[in-house]
Amino acid sequence: MNELFEDFVKAYASRNGYEVAKTLSPVPPHDRPHRLRSIWQSTNGHSVKGDVRHFIKTKASRGARIDPDELNGWIEVYSAYWTAVGEIIAGENGRSTWTKAYEAWRELSLNLIRGYSNFGFEAWTIPSLYMVGKYLRLFAIKSDEERSRMAIEPSGGEPLMQDDFDPELEKQAQLRNCEGQLKRIFTLCLNDRAPLEESRKWGIYFIINLLFKTYFKLNSASLSRTILKTLAAYRGDMPPLEAFPASQRVTFKYYEGVLFFLEENYVEAEKHLTEAWRLCHKNAKNNLERILTYLIPCRLLTSHVLPTKALLEPYPRLQELFSPLAQCIKRGDLRAFDLALQKGEDEFVKRRIYLTLERGRDIALRNLLRKVFIAGGFDELKEGETVPVRRTRVPVAEFQAAICMGSGGDLVDTDEVECLIANMIYKDLMKGYIARERGIVVLSKKGAFPGTGV
């Protein structure tokens with residue numbers, strides 16, 4: 001414990017919040033793998049608060065002045081940290097559970113929150129909230145997984161369920177509890193009335209990102225909108241997003257983009273995901289891959305931009321998923337598109353993009369119909385004309401033949417073809433109208449296929 005508080009006081013004296021946060025980590029440093037065990041063995045439950053007070057005051061006497069009230073707050077925090085460390089170590093030896101570790105870590109988080117509310121912890125120490133909040137969520141997930149495993153008797157007998165037991169609610173009970181604790185931290189940061197330069201509002205986006213991750217894990221992504229609405233109400237009193245660390249901005253923009261994606265607002269989704277892509281460090285391949293998973297379908301449906309080979313090469317998993325679809329869309333090969341979508345269905349569903357990619361069939365059909373339009377060539381020049389004009393009156397039968405070929409030779413009747421073309425016009429993928437009595441499609445002389453150059 002002597003070493004722990006030497007690090008704490010040194011960080012406190014230099015007002016380095018990130019170094020203070022490291023002293024609350026449940027993971028020992030690489031160069032000191034036995035640190036947690038030595039902390040646990042340095043005192044006992046009866047003496048821990050007195051020992052923590054002694055160590056902090058002894059180390060602080062060398063130059064780091066800590067207000068007496070604030071000191072009491074840190075004593076509560078590190079006493080709770082000592083208890084949590086004990087549960088973690090006991091768990092490693094099979095003498096405790098993740099549920100007990102979560103409950104002990106939750107008590108640590110409550111003491112830390114009280115430190116800001118009641119004991120005057122300063123805003124520069126908010127990275128401690130990051131550290132505690134991050135592991136609170138991870139321990140909650142591990143606890144829920146553990147509780148799910150223990151819901152069945154080890155012998156494989158009947159489930160240990162009672163009449164009032166809801167397995168779906170209990171399945172993520174700890175994570176739901178964690179969400180409540182994270183919202184307390186969110187409120188703590190958001191409602192700070194101190195001047196911005198010394199405000200806890202500087203911790204807001206880190207906590208929001210933790211809440212986003214929690215809501216998505218709970219399959220309650222829509223609850224993120226409540227957080228965003230609350231944030232918007234305080235926007236005038238907040239530092240601008242650009243002033244926060246790039247890592248926090250990337251995560252925030254990513255989840256904002258995914259929310260718009262799930263709401264089928266692909267234009268807004270593309271805007272936010274593109275910003276996340278721009279901000280993301282090029283070496284962070286896992287993050288870039290997550291962003292691309294949603295950005296590619298957005299661009300496909302909004303700007304009709306297909307992913308290039310160079311874009312996907314660094315990401316073999318994405319290349320395997322998206323390249324076949326992209327090639328089918330480019331060729332207008334409807335049958336091959338359906339097969340490629342079916343092949344990747346499980347992965348697309350898992351990544352929550354299946355329904356969006358399904359709409360890519362419209363783009364494939366658009367490209368197929370566009371090929372028919374281009375193959376039709378130009379009308380004969382009339383007297384006085386010097387610039388050739390493409391043929392804009394295309395027989396439905398020509399489109400029907402192309403759709404039958406694109407569908408792998410399946411017969412598609414005229415009514416269905418007209419219905420498909422009408423949908424293309426309705427979705428603004430084609431411009432024109434169907435003259436049924438004449439059996440032709442009359443296309444616009446300019447921009448017959450918007451966004452494609454013809």
Side-chain angles (χ1 to χ4, degrees), residues 1-8 11-12 17-30 32-56 71-119 121 125-147 173-182 184-185 188 203 206-207 210 214:
M1 193 172 283
N2 183 63
E3 182 184 84
L4 173 71
F5 291 109
E6 189 169 302
D7 290 346
F8 167 76
Y12 191 96
Y18 288 95
E19 290 300 318
V20 169
K22 287 180 181 179
T23 66
L24 291 171
S25 173
V27 179
H30 293 298
R32 288 176 277 181
H34 303 295
R35 176 169 174 156
L36 295 186
R37 190 169 298 277
S38 65
I39 290 172
W40 171 246
Q41 293 173 344
S42 65
T43 187
N44 56 61
H46 178 73
S47 306
V48 60
K49 289 189 178 181
D51 288 344
V52 169
R53 180 183 296 275
H54 168 74
F55 278 112
I56 293 181
L71 174 61
N72 290 332
W74 287 114
I75 290 170
E76 295 296 325
V77 166
Y78 281 99
S79 297
Y81 174 67
W82 177 84
T83 301
V85 165
E87 294 295 347
I88 293 169
I89 292 173
E92 291 175 350
N93 297 327
R95 296 195 305 270
S96 187
T97 63
W98 281 115
T99 296
K100 289 183 179 180
Y102 169 73
E103 290 170 350
W105 200 262
R106 180 181 60 195
E107 188 61 28
L108 168 60
S109 72
L110 291 172
N111 277 289
L112 189 60
I113 291 170
R114 283 193 285 268
Y116 292 95
S117 302
N118 303 334
F119 296 104
F121 286 9
T125 65
I126 57 173
S128 297
L129 290 171
Y130 305 169
M131 180 69 74
V132 171
K134 170 185 174 181
Y135 283 101
L136 184 71
R137 175 179 170 274
L138 295 177
F139 290 159
I141 292 171
K142 288 183 177 293
S143 173
D144 284 330
E145 291 172 350
E146 177 183 73
R147 286 154 62 94
Q174 300 292 59
L175 191 58
R176 294 182 187 280
N177 180 275
C178 170
E179 181 260 344
Q181 305 307 316
L182 292 176
R184 293 184 66 175
I185 299 176
L188 177 76
F206 188 94
I207 301 304
L210 280 181
T214 302

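Under the side chain to side chain donor-acceptor pair (under 3.5 Å) test applied with S47, the options T43, D51, N44 reduce to a single match, N44.
Atoms NE2 and CG, on H54 and N2 in that order, are 8.0 Å from each other to the nearest 0.5 Å. To the nearest 0.5 Å, the span separating CZ on R106 from CG on L136 amounts to 8.5 Å. One finds the CD1 atom of I89 at 11.5 Å from the NE2 atom of H34 (value rounded to the nearest 0.5 Å). L210 CG to K134 NZ: the interatomic distance, rounded to the nearest 0.5 Å, is 9.0 Å. One finds the CD atom of Q174 at 11.5 Å from the CD1 atom of I141 (value rounded to the nearest 0.5 Å). Atom CD in E145 sits 10.0 Å away from atom CG in L175 (nearest 0.5 Å).
M131 and L24 make their closest contact through CG-O, 3.8 Å (heavy atoms, listed as atom of the first residue, atom of the second, distance). Taking every heavy atom of both residues into account, S38 and R35 meet most closely at OG-O, 2.7 Å. When every heavy atom of L36 is checked against every heavy atom of P28, the shortest pair comes out as CD1-CD, 3.8 Å. Shown here for A84 and W105, the closest heavy-atom pair between the two residues is CB-CE3, 3.6 Å. When all heavy atoms of I88 and P26 are compared, the closest pair comes out as CD1-CB, 3.6 Å. Across all non-hydrogen atoms, the minimal contact from G91 to S96 is N-CB, 3.6 Å.
Using a 4.5 Å heavy-atom threshold, the side chains of R114 and E76 count as separate. Contact of the R147 side chain with the D144 side chain is registered, since non-hydrogen atoms from C-beta on lie closer than 4.5 Å. Side-chain contact check for M1 versus W82: some heavy-atom pair is nearer than 4.5 Å. R37 is listed as a side-chain neighbour of E92, based on a closest heavy-atom distance under 4.5 Å. In this structure the side chain of L188 reaches within 4.5 angstrom of the side chain of L129, judged on heavy atoms. Put simply, the side chain of K142 does not reach to within 4.5 Å of the side chain of L138, judged on heavy atoms. The shortest side-chain heavy-atom distance between E19 and D7 does not fall under the 4.5 Å cut-off. The shortest distance between side-chain heavy atoms of C178 and F139 does not fall below 4.5 Å.
Side chain to side chain, Y116 and T125 meet the donor-acceptor criterion of an N or O pair below 3.5 Å. With 3.5 Å as the limit, one finds no donor-acceptor pair spanning the side chains of E179 and T214.
Checked by atom type and distance alone, the side chain of T23 pairs as donor or acceptor with a backbone atom of V20 at under 3.5 Å. A donor-acceptor pair under 3.5 Å is formed between the side chain of E146 and the backbone N or O of W98. Panel note: side chain N111, backbone E107; a donor-acceptor pair is recorded below 3.5 Å.
Taking the six-membered ring for Trp and thresholds of 30 and 60 degrees, F121 and F119 have ring planes inclined between 30 and 60 degrees apart. Ring pair Y78/Y81 is perpendicular by interplanar angle, where above 60° counts as perpendicular and below 30° as parallel.
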**Intermediate values then yes/no, side chain to side chain contact (heavy atoms under 4.5 Å, CB included), W74 and F8** = CA-CA 10 Å; W74 287 114; F8 167 76; 3.9 Å; yes
